[in-house]
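Reviewing the structure listed below.
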Amino acid sequence: MSKGLLIVLSGPSGVGKGTVCTALRSQVPDLVYSVSATTRSPRAGEVDGVNYFFKTREQFLEMIEHDQLLEYAEYVGNYYGTPRDFVEKTLAEGKDIILEIEVQGALKVKEKFPDGIFVFLMPPSLDELKDRIKGRGTESQDTIDHRMSVAVDEINLLQHYDYAVVNDKIELACERIQSIITAEHCKIRK
Ligand SMILES: Nc1ncnc2c1ncn2[C@@H]1O[C@H](COP(=O)(O)OP(=O)(O)OP(=O)(O)O)[C@@H](O)[C@H]1O
Ligand SMILES: Nc1nc2c(ncn2[C@@H]2O[C@H](COP(=O)(O)O)[C@@H](O)[C@H]2O)c(=O)[nH]1
């Protein structure tokens, strides 16, 4: 059995990674989603084990110590990381898996999985990005400012990715990512 594809979707906070990923998963039910661990507090409506595995800082450091994370990063004051076993098991079963992670983590995954597919989701403009983070209503003004300042550095790392997809309209961004996945399945890997 051939291994599944490892797809990494990243891009600045508020660009719409979660929204696009949710739409994509409803259209591609076989696509497996990697649930991350984080030390961030849950937002209203977020469920442990579904949106994230919510951890204390001590629990997260223990996961690092026991090499349970494929990658992790400290982002705007919290830790975020990808549980390793689940990703490896899913790929070994021949299934495609998508990781929705920020840029530092994506670059670490690229070192370990150079054959992964790295997709950067772009906002139509920085003004639109700011409106989207604000409009979501989940972050304080300080956190929005911090995330926006990181966003500029993140966009500057675009050249490390295989694909750039503009999230102008959710359905169009989904279609583009589906086309990328289809093309990657047809690729002759040497
Ligand atoms: N194409 C789009 N057009 C307009 N609004 C959008 C679009 N895509 C997402 N949004 C909205 O932008 C906001 C941020 O989206 P989302 O939470 O999916 O971003 P994210 O990249 O996952 O953010 P984070 O990295 O902070 O988790 C949400 O309110 C969402 O409804
Ligand atoms: N490096 C990683 N980044 C991750 C992971 N899971 C999520 N993220 C990214 O963190 C930021 C902030 O997320 P939020 O839910 O607090 O808005 C965002 O860019 C996520 O994509 C992970 O496992 N590793």
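Atoms within a ligand are numbered from 1 in the order they appear, just like the ligands themselves.
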Option set [options], criterion heavy-atom distance to [atom], minimum:
{"atom": "atom 11 (C) of ligand 2", "options": "Tyr72, Phe53, Tyr75", "answer": "Tyr75"}
{"atom": "atom 2 (C) of ligand 1", "options": "Arg147, Glu102, Arg132, Glu139", "answer": "Arg132"}
{"atom": "atom 31 (O) of ligand 1", "options": "Thr19, Leu9, Leu129", "answer": "Thr19"}

Subject >> Min N/O separation Glu46 to ligand 2 under 3.5 Å >> reply: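 Such a contact does not occur with ligand 2.
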
For [atom], the protein heavy atom that lies nearest, with its residue and separation:
{"atom": "atom 7 (C) of ligand 2", "value": "Tyr52 OH, 3.2 Å"}
{"atom": "atom 22 (O) of ligand 1", "value": "Gly18 N, 2.8 Å"}
{"atom": "atom 21 (O) of ligand 2", "value": "Lys17 CE, 3.2 Å"}
{"atom": "atom 19 (O) of ligand 1", "value": "Gly16 N, 3.1 Å"}
{"atom": "atom 9 (C) of ligand 2", "value": "Glu102 N, 3.6 Å"}
{"atom": "atom 6 (N) of ligand 2", "value": "Ser36 OG, 2.9 Å"}
{"atom": "atom 24 (N) of ligand 2", "value": "Glu71 OE2, 2.7 Å"}
{"atom": "atom 25 (O) of ligand 1", "value": "Lys17 NZ, 2.6 Å"}
{"atom": "atom 14 (C) of ligand 1", "value": "Gly14 O, 3.5 Å"}
{"atom": "atom 27 (O) of ligand 1", "value": "Arg136 NH1, 3.5 Å"}

**OP:** Examine the side chains of Tyr75 and Glu154 and answer whether a donor and an acceptor come within less than 3.5 Å of each other.
**Re:**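 Note: Tyr75 and Glu154 side chains miss the donor-acceptor criterion.
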
Any heavy atom of [X] closer to ligand 2 than 4.0 angstrom?
{"X": "Gly81", "result": "yes"}
{"X": "Arg43", "result": "yes"}
{"X": "Gln104", "result": "no"}

Original post:
Which bit of Arg147 gets closer than 4.0 Å to ligand 2, counting heavy atoms only: side chain, backbone, both or neither?
Top reply: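 Within the 4.0 Å criterion, Arg147 contacts ligand 2 through side-chain atoms alone.
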
Original post:
Between Glu128 and Ser125, is there a donor-acceptor pair closer than 3.5 Å when you use the side chain of the first and the backbone of the second?
Top reply: no

Original post:
Do Glu102 side-chain atoms and Gln104 backbone N/O form a donor-acceptor pair below 3.5 Å?
Top reply: yes

Using distance alone, determine whether [X] and ligand 1 share an N or O pair under 3.5 Å.
{"X": "Ser13", "answer": "yes"}
{"X": "Gly135", "answer": "no"}
{"X": "Asn167", "answer": "yes"}

